[in-house]
Amino acid sequence: MSNQKGFALVFLLALLPLLISGILAILFSQYLTKNWMQSLHICRTELLKTQKTTASHLRTLMNLNTSAKALRLALQRAQIQLAIAIATKNFPLAAKAKMEILRIEKLRRQLDGAQRSLILQANFEMSRGVQTVLRKIKKQSQDLQAHLPPHFNFQIQTLTPQIPVLAVQPDRPETAPAYELKAEFEQQQALHVSWISQFQTGHKDQGQWIQNKHKKKDSCSATIQRKGQSFTEILHADRFSWKL
């Protein structure tokens, strides 16, 4: 009888680490769920806000295409007039055509500067938006770590994103071109942010007698959708929340 009691006691002691590990796993899942929801909310909110601002710059840029095409046509006409004036030796008309060409080229340079400025502003907003997401997610991880029980460790590793650029291209290699959307615009315009969440227990100085570690990757994405002449920010289909 004493042997059976001793065996049962040993068996229970052997199960104790597993029971503790199970309890810790439940606590981990709660922290993981909380982190997952907060991180995704931060990411989606910030990226949508960023794409809304970017859409405003994009809309202004596309509206300038009317002026770009009008100046292009005006330059072509002035150049034709100059060619005719030179061929017919109509020097007053040639001088007038040259002045018109100079005037149009000045306007085109001004328009080109405005176009490039809009693209730079859009690129800056997208880069800042992505960095804001990364900064806030890191801050959230620090706040969560501060409320964890002793010997619980939570870390977030942010993955370096691609440098975002506005998904447009000039229709011609010239000053003040008309800009058009790149092929597969929504995919090209999408902003992505990815990060890895890691929870673990124990303390290195205490031998880590219970191995309990969880690692998970999350990400979110937002883009701009074109509907007719309007541009709207939307969440973009993206892989997220898979285990490593």
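Note that the CG atom of Leu191 and the CD atom of Glu125 stand 11.0 Å from one another [nearest 0.5 Å]. Put simply, OG1 on Thr60 and CZ on Phe231 are 10.5 Å apart, with the number rounded to the nearest 0.5 Å. Summarising the geometry, atom CD belonging to Gln162 is positioned 12.0 Å from atom CE belonging to Met126; distances are rounded to the nearest 0.5 Å. Annotation: the span from Gln110 atom CD to Leu71 atom CG amounts to 9.5 Å, rounded to 0.5 Å. For the atom pair CG of Leu181 and CD of Glu186, the computed distance is 10.0 Å after rounding to the nearest 0.5 Å. With rounding to the nearest 0.5 Å, the separation of CD in Gln79 from CD in Glu100 is 11.0 Å.
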**Report entry** Candidate pair Leu64 and Leu118, rule side chain to side chain contact (heavy atoms under 4.5 Å, CB included), full reasoning
**Finding:** CA-CA 11 Å; Leu64 292 178; Leu118 285 168; 3.8 Å; yes
Query raised in the report: Can you check side chain to side chain contact (heavy atoms under 4.5 Å, CB included) on Gln189 and Gln51, steps first, answer last?
Result: CA-CA 9 Å; Gln189 181 59 37; Gln51 291 288 32; 3.3 Å; yes
Requested in this report: For the pair Gln81 and Lys96, evaluate side chain to side chain contact (heavy atoms under 4.5 Å, CB included) and give the outcome as yes or no after the intermediate values.
Outcome: CA-CA 9 Å; Gln81 287 180 349; Lys96 182 179 179 181; over 6 Å; no
Query - Leu58/Phe185 under side chain to side chain contact (heavy atoms under 4.5 Å, CB included): CA gap, chis, key distance, verdict - result: CA-CA 12 Å; Leu58 177 60; Phe185 170 73; 3.6 Å; yes
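For the pair Gln187 and Thr223, the minimum side-chain heavy-atom distance is 4.5 Å or more. Side-chain contact between Ser194 and Lys217 is present, with heavy atoms from C-beta onward closer than 4.5 Å. The shortest side-chain heavy-atom distance between Leu48 and Lys52 does not fall under the 4.5 Å cut-off. Using a 4.5 Å heavy-atom threshold, the side chains of Leu73 and Gln76 count as touching. Side chains of Val193 and Glu46 form no contact here, defined as non-hydrogen atoms less than 4.5 Å apart. Between Leu166 and Leu61 there is a side-chain heavy-atom pair separated by less than 4.5 Å. A heavy-atom distance below 4.5 Å is not found between the side chains of Met62 and Gln229. Side chains of Thr50 and Val130 form no contact here, defined as non-hydrogen atoms less than 4.5 Å apart.
Scanning all heavy atoms of the two residues, the minimum distance from Gln188 to Ala167 falls at CB-CB, 3.7 Å. When every heavy atom of Ile104 is checked against every heavy atom of Ala78, the shortest pair comes out as CD1-CB, 4.2 Å. Residues Ser230 and Lys227 share a closest heavy-atom pair of OG-O, 2.8 Å. Here the closest non-hydrogen pair linking Gln115 and Ala176 is OE1-CA, 3.1 Å. Scanning both residues, Asn65 and Pro177, for their nearest heavy atoms gives OD1-O, 4.4 Å.
The side-chain contact (heavy atoms from CB on, under 4.5 Å) test with Arg44 is passed by exactly one of Ser39, Ser221, Cys220: Cys220.
Clustering ILVMFWY residues whenever any of their side-chain heavy atoms sit less than 4.5 angstrom apart, transitively, puts Leu235 in a cluster other than the one holding Leu47. Note on Leu111 and Leu107: same hydrophobic cluster, where clusters join Ile, Leu, Val, Met, Phe, Trp and Tyr whose side-chain heavy atoms are under 4.5 Å apart, directly or indirectly.
Under the side-chain contact (heavy atoms from CB on, under 4.5 Å) criterion, Arg116 pairs with Asp112, not counting sequence neighbours.
Contact check on Glu105 versus Arg108 returns no salt bridge, with no Lys/Arg side-chain nitrogen under 4.0 Å from an Asp/Glu carboxylate oxygen.
Using modelled atom types, one finds a donor on one side chain and an acceptor on the other under 3.5 Å when comparing Gln121 with Ser117.
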